[in-house]
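Below you'll find the structure, written out as structure tokens, and then a few comments.
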Amino acid sequence: MNEPASEPIDDPSTGDRSIELRGVEVHNLRMVDLDVPLGKLVVFCGVSGSGKTSLALDTLYAEGQRRYLESFSVYTRQFLQKLEKPDVERIDNLPAAIAVSHDDAARSSRSTIGTATETLDYLRLLMAKVAELTCHGCGKSIRKASASTIAAEVQSLDPSTKLMLGFFEPVPEGIALETLAASLRGRGFSRGVVGETSFMLDTIPSEMVSSSASELGVIVDRITPTVAQQRLLDSLETSLTSGGGACVLWRAVRDDETSTPDVVVIDGQRWQRLDYSQRLQCRACQIVYSDPTPQLFSFNSPLGACNVCEGFGSTIDLDDALIVPDRSKSIREGAIAPWNSPAYLHELQELLALAPDYKLPVDVPYSELTEKHKQLIREGVPERDFGGLRGFFAWLERRKYKMHIRVFLSRWRSSKLCHACHGARLNAESLSWRIAGKNISEITALRIDEAAELLAALSLSATQKKLARVMLDQIQSRLAFLRQVGLGYLKLDRTLRTLSGGEAQRVALTSALGSSLVNMLYVLDEPSVGLHPSDVERLLVAVKGLRDRGNTVVLVEHEEQMLRESDWLVEVGPGAGDAGGNITFSGELDEMLAGTTVTGDFLAGRRGVAIPAARRTATRGWLKLSGARGNNLKNLTVEFPLGVMCLVTGVSGSGKSTLVQETLYGALCKRKRKDCDPPLDYDDVVGDGQIDDVILVDQSPIGRSGRSNPVTYIKAFDPIRAVFAEQVDARTHNYTAGHFSFNVDGGRCDACQGEGFLRIDMQFLADVLRKCPACGGSRYRKEILQVKYRGRSIAEVLEMTAREAFSFFRGQPKVQGKLKQLIDVGLDYLRLGQPASTLSSGEAQRLKLAAFLSEASRNRTLFILDEPTTGLHFADVVKLLDCFEALLDVGHSLIIVEHNLQLMRAADYLIDLGPGAGDAGGTVIAQGTPEQVATSPLSLTGKYLAASLAEVQGRSAAEIAAAGSP
């Protein structure tokens with residue numbers, strides 16, 4: 001989440017006031033004038049690439065942040081995120097702003113739900129204020145003590161209780177007990193204790209003279225709880241001062257007490273020994289603890305992090321399963337994989353030479369070797385100069401300054417649970433502090449529902465309640481929001497990289513929506529991405545609550561539910577790219593439905609996705625995945641039809657991505673010998689012979705540098721440069737295709753290195769980009785621009801749209817074949833050289849799909865897609881479906897993880913997971929045609945799909961079920 005931006009408006013009462021934007025020309029926006037009503041839920045809609053994000057984030061939020069930063073010193077600004085000043089004439093009545101975009105989600109292994117929502121920050125502070133210490137050595141409770149607190153404890157005992165108050169004096173090595181006793185007598189003390197005997201310090205018993213005791217107990221006073229207050233305090237102060245901040249209280253144990261801890265016998269009498277210290281110290285274990293601070297409970301701080309794994313919870317170590325991947329092979333057949341490469345084959349030869357002398361069988365499966373044999377392979381034979389696997393990898397470690405050695409080493413390592421902290425990430429001292437009997441790691445390992453209940457039932461003293469009130473309020477607020485949006489089944493220590501798209505999106509919103517700020521402008525970039533329709537309803541409740549607190553909420557959205565529930569709609573369009581950038585509508589929903597805008601036509605039902613008259617059947621057979629049990633999957637066996645559009649649906653977190661991306665895709669890559677991450681646990685996959693290739697189109701980001709653009713991403717630039725290199729002027733000057741690249745030396749401008757602009761460092765201010773004076777922004781040297789093809793230079797070609805370039809390169813099938821993929825996915829308006837950093841999320845997703853389509857040359861390819869409708873308008877989904885139809889018509893297959901109801905209605909087959917999320921999901925609850933799934937009583941997806949089908953088709957649920965029956 002980004003920091004608050006701009007100054008709050010003067011008058012908290014918004015009334016009919018609006019944010020006034022005048023003359024906005026950011027990216028493709030064309031002198032836009034717009035009034036955004038304050039205190040309302042406002043949705044910016046329009047086709048993908050029309051300029052919604054430019055208006056919301058790059059204008060409203062960017063200007064707000066710039067004004068906010070102006071209130072800081074120049075020195076402070078260098079540490080804060082900087083956005084360029086938007087190109088606007090003026091913006092009035094702009095409140096302080098907070099933006100939540102998809103770029104906010106961190107994906108490192110240190111980023112968890114607790115850190116992303118700031119819940120862990122408050123929990124660490126709570127631990128530092130009210131947690132109690134338990135020694136990790138002996139399990140005893142340890143508290144800091146003072147004379148007054150000990151006195152209050154003494155006075156609360158039974159009045160007849162006999163007590164001895166004193167301290168322990170260490171006996172220095174080489175010093176006789178008599179000498180130490182004499183020193184203590186000089187300080188005014190008269191009685192001591194060693195072992196089970198007490199004695200006067202001036203008459204040490206003969207049996208004590210040769211005692212080897214390491215410490216001498218000194219009795220300062222013998223009292224009862226009714227002793228005078230001042231005498232008690234004086235004796236305690238003396239004991240604490242003389243004991244170096246520690247004292248001991250012996251309490252006489254009654255005969256009827258049988259289970260009293262820490263009982264010692266002195267002179268035949270049983271006494272309970274109670275230790276007190278002004279320091280956090282355990283005398284039994286001789287461990288001194290530091291005072292608790294929030295950093296002590298942070299795995300990102302050296303104070304709290306586990307010393308072994310450094311706060312990661314896992315370590316990277318050699319993995320026997322990678323070193324010996326196939327245990328059915330013998331040593332001679334190459335069971336030990338690292339020694340199969342030519343560079344290290346000598347290690348295997350040394351082992352084979354040693355084998356007869358040590359009776360090591362080299363022709364039997366590795367799995368049949370005894371532990372003694374495996375130990376020989378691991379440890380080697382030092383007397384024969386054979387270091388074994390341990391010596392081999394130690395030798396490589398000493399040479400890992402070489403890149404190829406580091407790469408080779410990484411092949412045999414994997415992540416393992418840390419043996420010291422067992423995944424807790426914190427050191428022993430941090431884990432010794434507890435609230436309600438649990439340390440901070442145990443609290444974050446609870447389900448969010450359970451953690452909220454634990455903290456709500458926390459029993460605290462009046463003083464502790466006063467200290468903890470703010471922290472508990474903040475923690476409970478964030479936990480309540482996570483539960484409100486349906487994430488109560490997750491755990492605070494869950495890393496963000498393991499979350500589904502919908503889960504990650506809701507977590508990212510927590511810090512903003514879970515706060516109690518008022519009179520703010522919230523700009524949310526497609527918050528419904530990755531959410532099931534049932535999850536969208538929960539999100540709407542939270543967003544409306546934000547508005548009802550007096551805030552203005554601006555959403556960039558395509559989700560129909562969000563549009564229908566908004567207070568005000570702004571449509572940007574009418575098209576994308578240069579065909580967009582205008583405000584085509586601004587008003588309420590009823591006005592839009594009565595108008596003729598693109599969005600209004602879809603919402604009113606005048607346009608839509610045509611439901612196929614007949615669903616496709618599995619013409620190419622089925623893929624069968626059995627025993628899938630990764631994450632929350634419950635040993636599933638699932639059959640996927642081929643040759644059709646198959647959607648995998650279900651609530652966010654039900655296991656869709658786990659099943660399709662992390663299991664099925666990996667299993668198929670393994671069969672096709674393609675490189676990918678290892679699949680999650682499964683038993684078998686059958687039917688892969690019916691496909692030639694498998695391609696995954698997921699949500700990973702495309703290149704975001706200024707050198708990345710559509711023409712390079714789909715690899716159309718290579719044939720375009722080849723065309724220019726074939727021209728007469730190019731051949732005359734010996735120009736190759738490389739001279740027409742702005743990424744390498746030769747033809748690119750030397751001044752700007754092919755970027756087209758110069759970056760001017762403004763020190764503490766945002767960098768300024770200036771058009772390169774040498775090339776005028778064209779990126780190329782003048783002599784390269786003199787080479788023309790049909791009267792256009794390479795720089796002029798990069799300024800063409802994909803559709804213009806397709807016509808321009810008539811007669812060049814290689815170029816047209818690549819560009820056609822952009823047109824097929826609805827990106828015909830993009831300029832070939834447009835930087836990827838300026839693309840919307842929907843455009844970036846379709847660009848990735850176009851790149852994969854341009855590479856798919858063989859038939860029978862299985863495309864696995866992860867929510868391809870992300871960032872797409874209703875009209876864009878129609879174009880996407882046309883692309884899918886074309887793929888299916890030539891024999892490809894589609895398996896799509898999706899929540900979009902438009903796509904569900906058009907699908908041939910649905911596999912619905914659920915019924916809930918997390919542990920409540922992971923099973924197939926419905927499958928079949930959309931009509932069949934719509935009638936499933938267990939399926940939440942079916943409930944929304946039935947309503948959608950009935951609305952579009954004008955039929956009852958019974959008619960839908962009849963149409964869906966085989």
Side-chain angles (χ1 to χ4, degrees), residues 1-9 17-70 80-104 512 520-527 551-558 566 568-586 765-769 834-835 837-843 871:
M1 186 186 75
N2 296 307
E3 293 297 326
S6 183
E7 69 281 351
I9 53 180
R17 298 177 63 196
S18 299
I19 302 172
E20 299 178 5
L21 296 96
R22 298 292 182 266
V24 183
E25 289 193 297
V26 175
H27 297 152
N28 68 330
L29 299 177
R30 300 178 178 179
M31 288 299 293
V32 166
D33 294 340
L34 177 67
D35 290 344
V36 179
L38 288 166
K40 302 290 186 181
L41 173 57
V42 183
V43 173
F44 286 10
C45 59
V47 299
S48 179
S50 60
K52 304 180 298 299
T53 303
S54 299
L55 189 57
L57 284 171
D58 300 332
T59 304
L60 279 174
Y61 174 68
E63 174 64 9
Q65 190 201 49
R66 187 189 67 81
R67 295 182 185 182
Y68 179 63
L69 290 181
E70 284 183 349
L80 303 174
Q81 180 188 4
K82 293 165 282 192
L83 293 178
E84 294 182 18
K85 184 182 187 300
D87 187 1
V88 296
E89 289 181 0
R90 66 181 176 87
I91 301 180
D92 296 333
N93 301 324
L94 184 62
I98 288 178
V100 182
S101 66
H102 297 285
D103 295 333
D104 295 331
M520 302 286 290
L521 168 65
Y522 284 86
V523 181
L524 310 181
D525 184 19
E526 298 187 54
N551 298 297
T552 304
V553 184
V554 171
L555 309 181
V556 177
E557 260 303 343
H558 299 289
S566 65
W568 195 265
L569 286 163
V570 176
E571 185 180 60
V572 186
D578 292 343
N582 294 307
I583 304 300
T584 59
F585 177 83
S586 179
L765 302 178
D767 293 346
V768 173
L769 301 181
Q834 181 176 341
S837 58
T838 64
L839 299 180
S840 69
S841 59
E843 289 171 331

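The figures here come from the full heavy-atom set of this structure, side chains too, leaving out hydrogens, waters and symmetry mates. FYI, the numbering just counts along the sequence from 1.
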>> Once salt bridge (Lys or Arg N to Asp or Glu O under 4.0 Å) is applied, do any residues pair with Glu20, and if so which ones, sequence neighbours excluded?
In response: Arg90
> Which is it for Leu55 and Leu21 under the side-chain contact (heavy atoms from CB on, under 4.5 Å) test, yes or no, and what are the steps along the way?
Replying inline: CA-CA 10 Å; Leu55 189 57; Leu21 296 96; 4.1 Å; yes
> Hey, which of Leu57, Leu524, Val572, Asp525 is the one that makes side chain to side chain contact (heavy atoms under 4.5 Å, CB included) with Val556?
Replying inline: Asp525
>> A side-chain contact here means heavy atoms from C-beta on lying under 4.5 Å apart; do Thr59 and Ile91 qualify?
In response: yes
> Can you list the residues that meet the side-chain contact (heavy atoms from CB on, under 4.5 Å) rule with Ser586, with sequence neighbours excluded?
Replying inline: Leu34, Trp568, Val570, Ile583
>> Could you check whether any side-chain heavy atom of Lys52 comes within less than 4.5 Å of a side-chain heavy atom of Glu526, counting everything from C-beta outward?
In response: no
> Is the backbone of Gly39 close enough, under 3.5 Å, to the side chain of Asn551 for a donor and an acceptor to pair up by distance?
Replying inline: no
> Taking all non-hydrogen atoms of both residues, which atom of Pro527 and which atom of Glu557 are closest, and how far apart?
Replying inline: CD-OE2, 3.2 Å
> Looking at residues at least two apart in the chain, or sitting in another chain, which of them share a side-chain contact (heavy atoms from CB on, under 4.5 Å) with Ala576?
Replying inline: Val47, Tyr829
> For Ser54, what residues pass the side-chain hydrogen bond (donor to acceptor under 3.5 Å, both in side chains) criterion, not counting sequence neighbours?
Replying inline: His27
> Taking all non-hydrogen atoms of both residues, which atom of Pro37 and which atom of Ser18 are closest, and how far apart?
Replying inline: CA-OG, 3.6 Å
> Under the salt bridge (Lys or Arg N to Asp or Glu O under 4.0 Å) test, which residues partner Asp35, sequence neighbours left out?
Replying inline: Arg22
> In chain order, what residues pass the side-chain hydrogen bond (donor to acceptor under 3.5 Å, both in side chains) check against Glu571, with sequence neighbours excluded?
Replying inline: Thr584, Thr599
> Less than 4.5 Å apart, any side-chain heavy atom of Glu25 and any of Glu89?
Replying inline: no
>> Is there a side-chain contact between Ser566 and Lys40 in this structure, where contact means two heavy atoms from C-beta onward sitting under 4.5 Å apart?
In response: no
> Does the side chain of Pro95 reach to within under 4.5 Å of the side chain of Leu38, using non-hydrogen atoms?
Replying inline: yes
> If you round to the nearest 0.5 Å, how far is CD1 of Ile19 from CG of Leu521?
Replying inline: 4.5 Å
> For the side chain to side chain contact (heavy atoms under 4.5 Å, CB included) test, which of Thr53, Leu569, Val36 pairs with Phe44?
Replying inline: Val36
